[in-house]
Amino acid sequence: MEDELVLLDFWTSPFGRRVRIALAEKGIKYEATEEELFEQKSPLLLQMNPVHKKIPVLIHNGKPVCESLNIVQYIDEVWNHKSPLLPSDPYQRSQARFWADYVDNKLFMALRKTMRWKDGEEQEAGKKELIESLKVLEGELGDELYFNGESFGFVDLALVPLASWFYSLETCTGFGIEGECPKILSWTKRCMEKESVAKSLPDPRKIYDYLLERKKKYGF
Amino acid sequence: MSKGEIVILDCWVSPFCLRVKIALKEKGLEYEEREEKELLGKKSDLLLKSNPIHQKVPVLLHNGKPICESTVIVNYINDNWPSPPFLPSSPYEIAQARFWADYIDKKVHDAGGNIWKSKGEAQERAIKDFIEIVKQLEEGLGERDFFGGDTFGLNDISLISLTSWFHAYEKFGNFKVEDHCPKFSAWIKRCSERPSVSQVIPDPEKVYEFVLMLKKMFGLE
């Protein structure tokens with residue numbers, strides 16, 4: 001019996017993109033829906049993720065898996081025949097999980113703050129934290145090709161959706177990735193050479209247009 | 001295995017350090033505890049060297065190699081010493097367990113913190129939110145003995161550790177979790193009977209006194 005996979009997503013979400021990259025890495029076919037995030041949430045989303053009511057949700061043969069890094073690990077475990085995303089060695093796995101946790105709790109939290117148009121102070125604080133956490137990640141990357149070493153892996157996948165936001169960050173907040181974190185920029189370009197990444201990430205200009213639209217809608 | 005191979009950089013009152021100690025005991029592993037001498041003051045050189053990013057306990061040093069963040073550490077312990085397992089065997093059930101691990105990490109300790117950090121109406125709201133979260137967890141537990149099903153698992157370890165602060169929340173907020181969530185309270189009792197928990201869980205009164213000291217320190221009396 002063929003697997004039925006549905007991804008509940010919203011195109012701007014970097015978390016949804018993580019799942020798409022993982023599915024592409026494994027060569028898995030799936031159907032994606034565009035959920036309404038700010039208006040009425042769909043009955044399917046509310047049924048599949050009653051606790052958080054958030055995307056992404058991966059529905060595998062009718063059964064939901066929620067939280068992006070959790071979904072990625074699930075995909076890695078079920079489709080373990082190709083492109084392993086997590087290392088097999090327990091110590092290396094623990095390091096990958098530590099850095100993925102860092103990307104979620106420091107970096108993406110800081111990104112959220114930089115998008116707080118209402119609060120200039122919070123936006124500035126967010127920008128500072130974003131730069132700091134990217135520099136820490138640069139240190140961790142060192143001279144390796146990927147955070148996973150010689151091949152693309154869990155931490156690379158967790159971080160790379162940020163790339164779609166570089167244009168918006170530069171235009172809206174003056175944060176230039178090339179000047180501040182050149183190693184991260186070259187790592188991003190390396191990741192984008194992979195088809196699974198290039199075809200899964202949205203056009204940065206479209207992200208910017210979307211942000212402008214939302215700013216206008218809320219009167220900024 | 002000699003004691004010196006597993007070291008935990010520890011703090012007696014930290015529920016996050018408690019997770020690691022329970023996990024090690026469940027696996028029957030011997031370890032050395034190194035208590036951070038100054039709880040809220042100067043951090044030891046070993047801690048700063050082992051966890052330069054967050055500079056926090058717990059840190060597990062296994063053959064000298066550091067692992068940080070309590071949930072990462074407990075998963076490492078489970079990966080490295082598979083028996084008895086902390087996670088189910090099917091990928092779907094593992095995903096459900098990880099979902100609840102994430103919920104526990106994001107919600108419980110902060111909600112409890114809001115209780116002892118506030119007063120009056122704000123505290124009433126904080127207690128209400130906290131009870132909602134515990135009720136959600138009670139629902140997640142269902143009719144099972146443990147979050148791990150028949151066996152004590154990852155989420156039982158993570159959550160029972162956080163309950164070591166519940167007595168303090170109850171005393172400051174003048175409420176009892178048992179009145180609102182009897183099934184959850186029964187689960188706490190069940191877990192507390194395990195030697196891996198009873199041997200390491202701190203005295204609830206001492207935790208209360210510690211939190212009282214924190215309140216004084218932050219001018220929150």
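Just so it is clear: chains get the letters A, B, ... in the order the sequence lines come, proteins before strands, and each one is counted from 1.
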With chain A as the partner, which of B:Thr71, B:Asn78, B:Ile73, B:Asn80 has the greatest number of non-hydrogen pairs under 4.5 Å?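 With the most close heavy-atom pairs to chain A, the winner is B:Asn80.
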What class does the angle between the rings of B:Tyr92 and A:Tyr74 fall in, given that below 30° is parallel, 30 to 60° is tilted and above 60° is perpendicular? perpendicular
Taking every non-hydrogen atom, the tightest pair across A:Lys113 and A:Gly126: CB-CA, 3.6 Å
Only heavy atoms, only distances under 4.5 angstrom. Which residues in residues 136-148 of chain B are near chain A?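 Heavy-atom contacts from residues 136-148 of chain B to chain A are B:Gln136.
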Quick check on A:Arg93 against chain B: is it the side chain, the backbone, both or neither that has a heavy atom closer than 4.5 Å?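 Only the side chain of A:Arg93 comes within 4.5 Å of chain B.
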Considering only heavy atoms, which portion of A:Tyr102 lies under 4.5 Å from any heavy atom of chain B: side chain, backbone, both, or neither?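 It is the side chain, since no backbone atom gets that close.
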Is there a side-chain contact between B:Thr151 and B:Pro84 in this structure, where contact means two heavy atoms from C-beta onward sitting under 4.5 Å apart?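 Counting from C-beta outward, B:Thr151 and B:Pro84 never come under 4.5 Å.
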Pick one of side chain, backbone, both or neither for B:Pro66, based on which atoms fall under 4.5 Å of a heavy atom in chain A.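 Looking at B:Pro66, backbone and side chain both touch chain A.
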Under a 4.5 Å cut-off applied to non-hydrogen side-chain atoms, are B:Lys27 and B:Ser83 in contact? no
Shortest non-hydrogen separation from A:Arg20 to A:Ala32 and the atoms involved: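 The answer is NH2-CB, 3.5 Å.
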Closest non-hydrogen atom pair between A:Leu86 and A:Ala96, with its separation: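 Heavy atoms only, the tightest pair is CD2-CB, 3.9 Å.
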Under 4.5 Å, heavy atom to heavy atom, which residues of residues 136-162 of chain A contact chain B?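 When heavy atoms of chain B are the reference, residues 136-162 of chain A contributes A:Val136 within the under-4.5 Å range.
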Which heavy atom of A:Ala22 sits nearest a heavy atom of A:Leu85, and at what distance? CB-CD1, 4.0 Å
Quick one: do A:Asp3 and A:Lys29 make a salt bridge, cutoff under 4.0 Å? no
Measure up the B:His62 and B:Trp81 rings against each other and bin them: parallel (under 30°), tilted (30 to 60°), perpendicular (over 60°). tilted
Validation row, ring centre B:His109 to ring centre B:Phe16 under 6.0 Å: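 Centroid distance B:His109-B:Phe16: below 6.0 Å, so yes.
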Tell me which pairs pass salt bridge (Lys or Arg N to Asp or Glu O under 4.0 Å) where either residue lies in residues 94-106 of chain B, with sequence neighbours left out. A:Glu67-B:Lys106, A:Glu77-B:Arg98, B:Arg19-B:Asp105, B:Asp102-B:Lys106
Tell me if the centroids of the rings in A:Phe98 and B:Tyr76 come within less than 6.0 Å of each other. no
Sorted by number, residues from residues 41-54 of chain A in contact with chain B (heavy atoms, under 4.5 Å):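 Expected list: A:Asn49, A:Val51, A:His52.
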Taking all non-hydrogen atoms of both residues, which atom of B:Glu36 and which atom of B:Ser44 are closest, and how far apart?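 Nearest pair, atom of B:Glu36 first, then B:Ser44: OE2-OG, 2.6 Å.
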Would you please classify the geometry between the B:Trp100 ring and the B:Tyr103 ring as parallel, tilted or perpendicular, with 30° and 60° separating the classes?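 Answer is perpendicular, since the angle exceeds 60°.
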Between A:Thr33 and A:Glu31, is any side-chain donor less than 3.5 angstrom from a side-chain acceptor? no
